[in-house]
Every structure is written in structure tokens, then in C-alpha cells.
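To start, the structure itself, in C-alpha cells.
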Amino acid sequence: MTTQKKGSAAFAVCGSFCTLETALEAARMLTLQGWDLLPIMSFAAGQDTRFGTGTFWKERLETLTGHPVLDTLQAVEPLGPRQMAQALVIAPCTGATLARLAAGLSDTPVTLAAKSLLRVGCPVLVGISTNDGLGASGENIARLFQRKHYYFVPYGQDDPIAKPSSLKADFARLPAALDAALAGRQLQPVLLQNNV
């Protein structure tokens, strides 16, 4: 574990419940590299599902980061103006959140956190996890690629045979993608499947 602090980043999770465990492992890797993470949960991520209760995931985030989860609009609004974070990581980012970001909506803790940090020039790193990435969400991904300060964790098809429209970020590449985003660079975003 590093003893040198690397910086502060907001780390937001959305309701892609099947990838929360993998996203939290990426968050753990960031903390081991010296990042101080401010946890954010979308309204959907706080719901109880077969993957765990909202309370379970909230407690996991708080234990991992050492900070209380920001899960209200009032809690995330000051992130940018008070320079509380250098970047926002949204991992996992669902199709619903992609649509809100692409439409410029700021009606959830995650999308308002993005607005707050974008207005002071901070990067927003998106780790997509959506079953319709090659369907309806594809348009929103393309729209965000055209916007300043949006970056993507490299992603590929989740399961080309069983879920042909599904896209998922390679969360192991999240730390490198964050470093690149802070330097104003996008890593190669689309991963190719060797077995297809």
C-alpha cells in the first residue's frame, strides 16, 4: 500500500448490481494507489436486489473509502465549487445514467456530481455497464465521446453470444484510465474480443 496521497476523486456507483463487486475492487485499487475517494450512490444503487441490499453496498463503500456516502443532491452539489475532487469516476455507469448525462440532466446524485465537477473543468470517467450498449445506449455513448472532459474506461462486449447488445468496462483498466483522463487523454476505448 502506498503512503503518498495521489489526490481526491469522487467515485459514483449506479444500479448495475451485477457489476458492483467488480467496480468496488477497482475502487480498492485506487485507494491502494493513494487516491482519497468520496463515495456517491445513485438512487437506484440504494435499492435492495438479489445482489444485496442498498444498506450492504452503502456500508461497503463507506468502509472502503473511509467517508460517508453522498446520496443526495445537496451533498454532491458543492463538489466542484469547493474543489473537493479532481475527477469523477462513474463505475458502473448504467444506460439510464448515460441517457441522463447525454441529455444534460442533473436530477440524480451521480448526474449532479458530474455537472458540479464539469463546470470547473474536472474530467468525468465513465465505466459503462449496460445491456443495451449496442442498442439504445449506443447513441448516448457516442454523444458523450463528443463532449469535453468525458472519458471512458476501455470496454467491450460482456457476452457476445448470450447478450449481443451488452457492453461492460474492463474495470481492471480503471486506474490507468483515470490517470490518462487527468492528463487529458482517452485510452483506446473499444476492446476487441479474441474469441469472436
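Counting from 1, the numbers follow the sequence of the chain as shown.
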Search all heavy atoms of [X] against all heavy atoms of [Y] and return the closest pair with its distance.
| X | Y | result |
| --- | --- | --- |
| Glu62 | Val69 | OE2-N, 3.0 Å |
| Pro81 | Ser116 | CD-OG, 3.3 Å |
| Thr130 | Thr94 | CB-C, 4.4 Å |
| Ala177 | Pro154 | CB-CD, 4.1 Å |
| Ala10 | Leu79 | CB-CD1, 4.3 Å |
| Ala23 | Pro92 | CB-CD, 3.5 Å |

Which of Tyr150, Phe11, Tyr151 passes side chain to side chain contact (heavy atoms under 4.5 Å, CB included) with Leu125? It is Tyr151
Between [X] and [Y], is there a donor-acceptor pair closer than 3.5 Å when you use the side chain of the first and the backbone of the second?
| X | Y | value |
| --- | --- | --- |
| Arg147 | Leu101 | yes |
| Asp159 | Ala162 | yes |
| Glu77 | Leu112 | no |

- Task: Verify the neighbour count for atom NZ of Lys115: are there more than 12 heavy atoms of other residues, nucleotides or ligands below 6.0 Å?
- Result: no
Side-chain donor-acceptor pairs of residues 181-190 under 3.5 Å, sequence neighbours excluded:
{"residue": "Gln186", "atom": "OE1", "partner": "Phe152", "partner atom": "N", "Å": "2.7"}
{"residue": "Gln186", "atom": "NE2", "partner": "Phe152", "partner atom": "O", "Å": "2.8"}
{"residue": "Gln188", "atom": "NE2", "partner": "Val190", "partner atom": "O", "Å": "3.3"}

Side chains of Asp36 and Lys5: closer than 4.5 Å at any heavy-atom pair? yes
Heavy-atom side-chain proximity of Gln86 to Leu178 below 4.5 angstrom: no
task: Hey, can you tell me if Phe51 and Phe17 have their rings parallel, tilted or perpendicular (30° and 60° cut-offs)?
output: parallel
Any donor-acceptor pair under 3.5 Å linking the side-chain atoms of Thr108 with those of Thr111? yes
